[in-house]
Novice: 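One structure, pasted below without further comment.
Numbers here simply count residues along the sequence, with the first being 1.
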Amino acid sequence: MGIKILPTGPLGVNTLVVPLAEDSVFVVDPASCAFSDDETVVTHYLTQEKLKLVAIVLTHGHFDHVAGLPFLHKTYPDIPILIHQEDAEMIGANSGILQGNSLAQMGFSAFTPSVSNLPEPAAFLEDGKSLADCMGSFADGMTEPVKIALSEWEVLHTPGHTKGSCCLYNATQKLLVSGDTLFYQSWGRTDLYGGNETQIRQSLRRLGKIVTDDTKVYPGHDMYGFEFENLF
């Protein structure tokens, strides 16, 4: 089983179901919600394929990447939500304030209720650490193969699109989950809250030094599975 892409939410986020070992998976950037009439897409797929969810990972905190949290958390209340601490304020009880400001800037305030009072993060993504390390005690009780699979995914803090934007890199499998930091021949916008053009260019140059050219990239939107080209 390879990475499953589920286009979800009002802006067509590439929600990813990433296989680990046995029947265990983690989900990246759940966006399916009632507003876009696809609230059950992710949970239906997990149930249909009899997959065991072990973590919900957010590449960053923008509204379109987190709108699926309420339903997914309601269905799997014991599964940890991970996000970088720099973006943690964009989810949780006060999420509607920051999200609402960005949505008003975009003329999309109708979506604010969908990203208000979001679930709190349970653990934090940290640069240079594996997902297994970031999960800490939440990995207790998992089988050794699942822990090893989680340890292959390294967190790379890549600020610029937001302060806490992160990529997930699996050097063994040559896979990069890039969120909105890197798209096919492009990169994420920097004009919303937490964005910084200088930082994102620095982050892209860093990726160019770490990620091998034959790595397959899975971004947060649009074309996926393209090979990383060392241009930075």
Novice: Which heavy atom of Ala88 sits nearest a heavy atom of Pro121, and at what distance?
Specialist: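 It is CB-CG, 4.3 Å.
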Novice: Group every Ile, Leu, Val, Met, Phe, Trp and Tyr by side-chain heavy-atom contacts under 4.5 Å, then state whether Val28 and Val41 land in the same group.
Specialist: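 Val28 does not cluster with Val41.
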Novice: Between Phe228 and Tyr169, is the ring centre distance below 6.0 Å?
Specialist: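 They do not qualify: ring centres at least 6.0 Å apart.
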Novice: Do you reckon Val18 sits in the same ILVMFWY cluster as Phe138, going by side-chain contacts under 4.5 Å, direct or chained?
Specialist: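 Linked within one cluster.
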Novice: Do you know which of Asp180, Asn14, Thr162 makes side-chain hydrogen bond (donor to acceptor under 3.5 Å, both in side chains) with His65?
Specialist: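 It is Asp180, the one option of Asp180, Asn14, Thr162 that forms the side-chain hydrogen bond (donor to acceptor under 3.5 Å, both in side chains) with His65.
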Novice: Of the non-hydrogen atoms in Ala31 and Thr15, which two are nearest, and what is the gap between them?
Specialist: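 For Ala31 versus Thr15, the nearest heavy atoms are N-OG1, 3.4 Å.
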Novice: For Thr8 and Asp38, does a side-chain donor sit closer than 3.5 Å to a side-chain acceptor?
Specialist: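 Looking only at side-chain atoms, Asp38 and Thr8 do not form any donor-acceptor pair under 3.5 Å.
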Novice: As a quick check of understanding, evaluate side chain to side chain contact (heavy atoms under 4.5 Å, CB included) for Lys4 and Glu49, giving each step before the final call.
Specialist: CA-CA 11 Å; Lys4 176 67 176 180; Glu49 300 298 319; over 6 Å; no
Novice: If you draw a 6.0 Å radius around OH in Tyr218, do more than 12 non-hydrogen atoms from other residues or ligands fall strictly inside?
Specialist: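 Check passes, neighbour count above 12.
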Novice: Could you state the interatomic distance from CG (Leu192) to CZ (Phe63), rounded to the nearest 0.5 Å?
Specialist: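 So the gap between those two atoms works out to 7.5 Å.
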Novice: Quick one: pull up CG in Leu131 and CD in Glu152 and give me the separation to the nearest 0.5 Å.
Specialist: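 Interatomic distance, Leu131 CG to Glu152 CD, rounded to 0.5 Å: 11.0 Å.
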Novice: Quick one: does any side-chain atom of His84 pair with a main-chain N or O of Glu86 as donor and acceptor, under 3.5 Å?
Specialist: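 Flag set: sc His84 to bb Glu86 pair under 3.5 Å.
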Novice: Can you tell me how far apart NE2 (His73) and CG (Asp78) are? Round to the nearest 0.5 Å.
Specialist: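 Here the rounded value is 8.5 Å.
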Novice: Which atoms form the tightest heavy-atom contact between His62 and Tyr193, and what is the distance?
Specialist: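 In this case the closest contact between His62 and Tyr193 is NE2-O, 4.0 Å.
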Novice: Any chance CZ of Phe108 has more than 12 other-residue heavy atoms, nucleotides or ligands included, within less than 6.0 Å?
Specialist: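 Yes, because the 6.0 Å sphere around CZ of Phe108 holds more than 12 heavy atoms from other groups.
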Novice: For the residue pair Ser36 and Pro10, what are the closest heavy atoms and their distance?
Specialist: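 Answer, listing the atom of Ser36 first, then Pro10: CB-N, 3.7 Å.
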Novice: Do the charged groups of Glu39 and Lys74 touch, with an N to O distance under 4.0 Å?
Specialist: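 Salt bridge absent between Glu39 and Lys74.
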Novice: Indicate yes or no for a side-chain donor-acceptor contact from Ser151 to the backbone of Ser130 under 3.5 Å, with no hydrogens or angles considered.
Specialist: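 Looks like no, no N/O pair under 3.5 Å.
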Novice: Does Phe124 belong to the same Ile/Leu/Val/Met/Phe/Trp/Tyr cluster as Met135, with side-chain heavy atoms less than 4.5 Å apart forming each link?
Specialist: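 Shared cluster, no.
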Novice: Any side-chain heavy atom of Leu58 within less than 4.5 Å of one from Asp87?
Specialist: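 No. Closest side-chain heavy atoms not under 4.5 Å.
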Novice: For the pair Thr112 (side chain) and Ser109 (backbone), establish whether a donor and an acceptor sit closer than 3.5 Å, ignoring hydrogens and angles.
Specialist: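 Yes, Thr112 side chain to Ser109 backbone: donor-acceptor pair under 3.5 Å.
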Novice: Rounded to the nearest 0.5 Å, what's the gap from CG on Asn170 to CG on Leu150? Could you check?
Specialist: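 Between Asn170 CG and Leu150 CG, I get 10.5 Å after rounding to 0.5 Å.
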Novice: Would you check if the side chain of Gln99 reaches a backbone N or O of Gly61 as a donor-acceptor pair within less than 3.5 Å?
Specialist: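 Yes, the answer is positive, given that a donor and an acceptor are paired below the 3.5 Å cut-off.
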Novice: Using a 4.5 Å cut-off on heavy atoms from C-beta on, say whether the side chain of Leu20 contacts that of Trp153.
Specialist: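 They are in side-chain contact.
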Novice: Could you grab the distance from atom CD1 of Ile200 to atom CZ of Arg205, nearest 0.5 Å is fine?
Specialist: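 Ile200 atom CD1 to Arg205 atom CZ measures 11.5 Å (nearest 0.5 Å).
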Novice: Using side-chain hydrogen bond (donor to acceptor under 3.5 Å, both in side chains) as the criterion, point out the one residue from Asp29, Thr158, Thr181 that pairs with Thr59.
Specialist: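 The residue from Asp29, Thr158, Thr181 that satisfies side-chain hydrogen bond (donor to acceptor under 3.5 Å, both in side chains) with Thr59 turns out to be Asp29.
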Novice: Is there a side-chain contact between Leu6 and Ser32, using heavy atoms and a 4.5 Å cut-off?
Specialist: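 Leu6 vs Ser32: side chains apart.
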Novice: Measure the shortest side-chain to side-chain distance between His161 and Arg189 over non-hydrogen atoms and say whether it is less than 4.5 angstrom.
Specialist: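 Heavy-atom side-chain distance check passes, below 4.5 Å.
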Novice: Do Ser203 and Trp187 touch side chain to side chain, with heavy atoms closer than 4.5 Å?
Specialist: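 SC-SC contact between Ser203 and Trp187 ruled out.
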Novice: With side chain to side chain contact (heavy atoms under 4.5 Å, CB included) as the test, would you mind laying out the steps for Cys167 and Leu207 before giving the verdict?
Specialist: CA-CA 9 Å; Cys167 296; Leu207 288 178; 4.1 Å; yes
Novice: Do Tyr76 and Leu46 have side-chain heavy atoms sitting under 4.5 Å apart?
Specialist: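 When only atoms from C-beta onward are counted, Leu46 and Tyr76 do touch, with a gap below 4.5 Å.
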Novice: Within this structure, what is the CG-CD1 distance for the pair Leu53 and Ile79, rounded to the nearest 0.5 Å?
Specialist: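 Spacing of CG (Leu53) from CD1 (Ile79) equals 5.0 Å.
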Novice: Is there a side-chain contact between Phe226 and Pro219, using heavy atoms and a 4.5 Å cut-off?
Specialist: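 In short, these two side chains touch, coming nearer than 4.5 Å.
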Novice: Minimum heavy-atom separation for His221 and Leu11, please, with both atom names.
Specialist: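 Nearest pair, atom of His221 first, then Leu11: ND1-O, 3.3 Å.
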Novice: Out of curiosity, does Val155 fall in the hydrophobic cluster containing Ile56 (side-chain heavy atoms, cut-off under 4.5 Å, transitive links)?
Specialist: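 In one cluster: no.
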Novice: Got Val17 and Val27 here, is their nearest side-chain heavy-atom distance under 4.5 Å?
Specialist: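 With C-beta onward as the side chain, the pair touches.
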Novice: Is Asp37 atom CG crowded by more than 12 heavy atoms from other residues, nucleotides or ligands, each under 6.0 Å away?
Specialist: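 Atom CG in Asp37 is not packed in, count stays at 12 or less.
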Novice: Could you state whether Leu125 and Val54 fall into the same hydrophobic cluster, counting links through intermediate Ile, Leu, Val, Met, Phe, Trp or Tyr residues with side-chain heavy atoms under 4.5 angstrom apart?
Specialist: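 Linked within one cluster.
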Novice: Can you give me the closest heavy-atom contact between Thr43 and Thr40, atom names plus distance?
Specialist: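 Heavy atoms of Thr43 and Thr40 come nearest at OG1-O, 3.1 Å.
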